[in-house]
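So that the names make sense, note that chain A is the first sequence line, chain B the second, and so on, each numbered from 1.
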There are 2 protein chains.
Amino acid sequence: MTPAPPVDTIDLLHRARGLAGRTVAEIALSLGLAVPELGTRGKGRIGNLVEKALGATAGSAAAPDFPHLGIELKTIPVDGSGRPLESTFVCTISLGDADTTSWETSLVRAKLAHVLWLPIVTARGRPAAERRVGTPLLWQPTADQEAILRADFDDIMGRIGVGGVEGLTARAGRWLQVRPKARTGRARTWSFGPEGELIATVPRGFYLRARFTQALLRDPSAVPA
Amino acid sequence: MTPAPPVDTIDLLHRARGLAGRTVAEIALSLGLAVPELGTRGKGRIGNLVEKALGATAGSAAAPDFPHLGIELKTIPVDGSGRPLESTFVCTISLGDADTTSWETSLVRAKLAHVLWLPIVTARGRPAAERRVGTPLLWQPTADQEAILRADFDDIMGRIGVGGVEGLTARAGRWLQVRPKARTGRARTWSFGPEGELIATVPRGFYLRARFTQALLRDPSAVPA
DNA sequence: TAGGATCCACTGGTGGATCCGT
DNA sequence: ACGGATCCACCAGTGGATCCTA
């Protein structure tokens with residue numbers, strides 16, 4: 001019942017376009033799956049559903065959703081006019097490697113190198129089943145865009161190197177930012193404090209600000225503020 | 001329904017003696033739990049049951065079962081005359097640290113520093129529910145015993161340092177031995193080969209040979225072959 | 001007999017994201 | 001608007017051990 005992986009990029013894009021206009025309920029039904037609930041329950045379930053619908057490789061960490069194509073799938077909740085309602089999670093940040101990781105070798109660069117954006121038209125307060133897939137966009141950063149992402153990355157990693165991760169706020173970064181991930185007070189990861197001492201901290205992730213993804217969805221080569 | 005932790009060593013020993021002579025079925029019933037199946041299903045379930053019955057801390061890794069007492073609980077299947085039917089698993093071996101770990105700081109020493117042995121009288125082929133708790137033994141290694149355990153540990157770690165973990169067999173060690181742990185071909189851990197190269201291997205654990213535990217149960221200060 | 005192979009329950013960490021006060 | 005907090009599914013790894021052939 002689960003579709004095979006797409007044979008190539010064209011195939012993937014065709015399939016994604018085939019989902020456009022369909023509701024979450026319809027997609028779930030066609031896969032023989034339960035319609036995901038949302039709200040405070042099951043925040044990531046639409047993302048998982050769409051992955052299955054497009055034949056993405058299941059649950060493979062540190063690899064793109066479509067490994068043979070090198071393409072990452074990202075759903076993004078948008079309002080009726082196509083504006084993102086949320087920032088977009090990119091990946092977890094390796095807090096221990098702040099001083100030895102470069103943009104070139106970073107996971108965040110790998111994730112953003114080639115993305116299939118799939119807007120999910122979302123009316124707040126309505127059942128998830130009603131949400132509808134919008135027009136997909138296959139995107140690779142332009143040189144200008146990547147330069148800014150790299151600058152954000154270097155800025156963030158530099159701040160961690162100087163003051164430790166606890167001194168970093170979500171205010172750093174023009175398009176990329178770092179915010180907490182996972183339930184506060186439960187998950188723990190290891191990092192370094194201002195004096196270089198080893199400390200336990202909440203896991204954090206890279207996110208793309210909504211103002212960047214908003215511009216992107218309208219013009220893939222946009223360079224917004 | 002789950003007992004509170006024992007307040008002190010005497011309390012623990014009293015409780016353990018209170019289990020002596022009782023069957024697995026009786027203990028499960030008194031805790032309001034299902035009687036564990038065994039055989040090829042649920043090999044560790046009696047151990048878990050007894051932990052609960054004695055108020056051990058649940059599922060705490062790298063800590064003794066009774067942290068405030070520093071005591072480790074080990075069930076051990078024995079025949080009608082009290083002879084162990086199996087070797088006893090002690091703990092996982094840290095393969096990456098072979099050259100930097102000493103007996104003094106090792107997990108295996110910590111685990112064996114103070115053990116509450118609880119024999120489980122086991123007739124092969126009979127239902128697990130019928131198994132009966134034997135006479136508990138609270139044990140700490142004598143100086144002579146610890147010297148041999150340390151020698152085994154050093155021997156094993158030395159062999160790993162020389163030939164890598166893949167050259168190590170369960171034949172090494174007088175009382176302690178190293179054997180595979182977890183389903184072959186599934187779990188993987190990282191180690192070093194003969195040339196110092198990083199390799200993936202099956203996880204392994206320290207076990208106490210049955211000839212040692214057999215002597216121990218008859219005479220806590222025994223120094224068998 | 002015992003070395004090598006294997007089994008189940010549980011949970012912490014990861015990947016998928018959205019919630020919600022200020 | 002947005003920074004900080006939080007939610008669920010899934011799975012590999014760990015802890016509890018015993019099985020099973022040669």
Side-chain angles (χ1 to χ4, degrees), chain A residues 36-52 56 58-63 65 72-77 84-92 111 120 122 124 128 169-172 177-189 202-205 207 209-211, chain B residues 36-52 56 58-63 65 72-77 84-92 111 120 122 124 128 169-172 177-189 202-205 207 209-211:
Chain A
E37 305 171 39
L38 267 203
T40 60
R41 303 182 71 78
K43 295 181 180 178
R45 301 185 60 174
I46 291 181
N48 297 149
L49 178 68
V50 171
E51 284 182 351
K52 287 199 183 80
S60 58
D65 295 304
E72 182 72 19
L73 175 65
K74 288 291 176 194
T75 59
I76 182 168
L85 297 171
E86 293 290 346
S87 55
T88 302
F89 173 70
V90 179
C91 62
T92 297
K111 289 276 187 186
I120 308 292
T122 298
R124 280 280 161 76
T169 94
R171 291 174 180 82
Q177 65 178 169
V178 170
R179 299 221 308 282
K181 187 76 169 64
R183 181 164 27 172
T184 304
R186 297 256 309 174
R188 307 259 79 180
T189 192
V202 165
R204 287 166 171 80
Y207 293 78
R209 294 180 186 276
R211 71 165 167 265
Chain B
E37 304 170 38
L38 266 203
T40 60
R41 303 181 71 77
K43 295 179 179 178
R45 299 187 60 177
I46 291 182
N48 297 149
L49 179 67
V50 172
E51 285 182 349
K52 286 199 184 80
S60 59
D65 294 306
E72 183 72 18
L73 174 66
K74 288 291 177 193
T75 60
I76 183 168
L85 298 171
E86 293 289 345
S87 56
T88 301
F89 174 70
V90 180
C91 62
T92 297
K111 290 274 187 187
I120 307 292
T122 300
R124 279 279 162 75
T169 93
R171 291 173 181 83
Q177 65 177 170
V178 169
R179 299 219 309 283
K181 187 75 169 65
R183 181 164 25 176
T184 304
R186 296 259 306 178
R188 306 260 81 181
T189 193
V202 165
R204 287 167 171 81
Y207 293 77
R209 294 182 186 276
R211 73 165 165 267

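- In terms of modelled atom types and a separation under 3.5 Å, the side chain of A:K74 and the main chain of A:F89 share a donor-acceptor contact.
- At the phosphate of C:dC7, neither OP1 nor OP2 sits under 4.0 Å from any side-chain N or O atom of B:R45.
- Note on A:Q177: a side-chain N or O is less than 4.0 Å away from OP1 or OP2 of D:dG3.
- Rounded to whole angstrom, the span from the CZ atom of B:R204 across to the C1' atom of C:dT6 amounts to 15 Å.
- The main-chain N or O of B:Y207 is never found under 3.5 Å from a side-chain atom of B:Q177 such that the two would form a donor-acceptor pair.
- Per the geometry, CZ belonging to A:R171 stands 15 Å off P belonging to C:dT22, to the nearest Å.
- By the side-chain hydrogen bond (donor to acceptor under 3.5 Å, both in side chains) test, B:R171 is found to be paired with no residue, residues two or more places apart in sequence or in another chain being considered.
- Listed here is the closest heavy atom pair of B:R209 and B:S87: CA-CB, 4.4 Å.
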Set out, line by line, the N/O atom pairs under 3.5 Å between protein and nucleotides 17-21 of chain C.
| residue | atom | partner | partner atom | Å |
| --- | --- | --- | --- | --- |
| C:dA17 | OP1 | A:T75 | N | 3.3 |
| C:dA17 | OP1 | A:T75 | OG1 | 2.9 |
| C:dA17 | O5' | A:T75 | OG1 | 3.4 |
| C:dA17 | N6 | A:Y207 | OH | 2.6 |
| C:dT18 | O2 | A:K43 | NZ | 2.8 |
| C:dT18 | O4 | A:R179 | NH2 | 3.4 |
| C:dC19 | OP2 | A:R124 | NE | 2.9 |
| C:dC19 | OP2 | A:R124 | NH2 | 3.1 |
| C:dC19 | O4' | A:K43 | NZ | 3.4 |
| C:dC19 | N4 | A:E86 | OE1 | 3.0 |

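- Nearest nucleotide to the side chain of B:T92, out of D:dG15, C:dG4, C:dA2: D:dG15.
- Here the side chain of A:R124 pairs no donor or acceptor atom with the backbone of A:T122 at under 3.5 angstrom.
- Closest of all the heavy-atom pairs between A:A210 and A:P84 is O-CG, 4.2 Å.
- Atoms CZ (B:R209) and P (C:dT1) sit 14 Å apart, rounded to a whole Å.
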